[in-house]
Amino acid sequence: MAILAAMAAAAGAARALPSIGVGEDVRPWLTLGAAVLAATLVAGWGRVTRILELFPA
């Protein structure tokens, strides 16, 4: 569920940010932030950190 929330937030942010005039240099970071925030609100920080540990450093 956390991954779905993150994907939905990222898709929504990617669509909304250009229309409100956000510069291209910060859009990827704001999209990432929206995804992490949505996943954290849905699943909690402990579960999100466990998901993030699966990605290579």
Output a table of donor-acceptor pairs, distance under 3.5 Å, between side-chain atoms of residues 7-30 and any protein atom two or more places apart or on a different chain; print 'none' if there are none.
{"from": "Ser19", "atom 1": "OG", "to": "Ala16", "atom 2": "O", "distance (Å)": "2.7"}
{"from": "Arg27", "atom 1": "NE", "to": "Val22", "atom 2": "O", "distance (Å)": "3.0"}
{"from": "Arg27", "atom 1": "NH2", "to": "Val22", "atom 2": "O", "distance (Å)": "3.1"}

Under 3.5 Å, which donor-acceptor pairs do the side chains of residues 44-57 form with other protein atoms, sequence neighbours left out?
{"from": "Thr49", "atom 1": "OG1", "to": "Trp45", "atom 2": "O", "distance (Å)": "3.2"}
{"from": "Thr49", "atom 1": "OG1", "to": "Gly46", "atom 2": "O", "distance (Å)": "2.8"}
{"from": "Arg50", "atom 1": "NE", "to": "Gly46", "atom 2": "O", "distance (Å)": "3.3"}

Suppose clustering is done on Ile, Leu, Val, Met, Phe, Trp and Tyr with side-chain heavy atoms closer than 4.5 Å. Which residues sit in the same group as Val42?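 Met1, all in the cluster of Val42.
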Linking directly or through intermediates, with side-chain heavy atoms under 4.5 Å: list the remaining ILVMFWY members grouped with Leu37, chain and number order.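 Traced through the cluster, Leu37 reaches Leu41.
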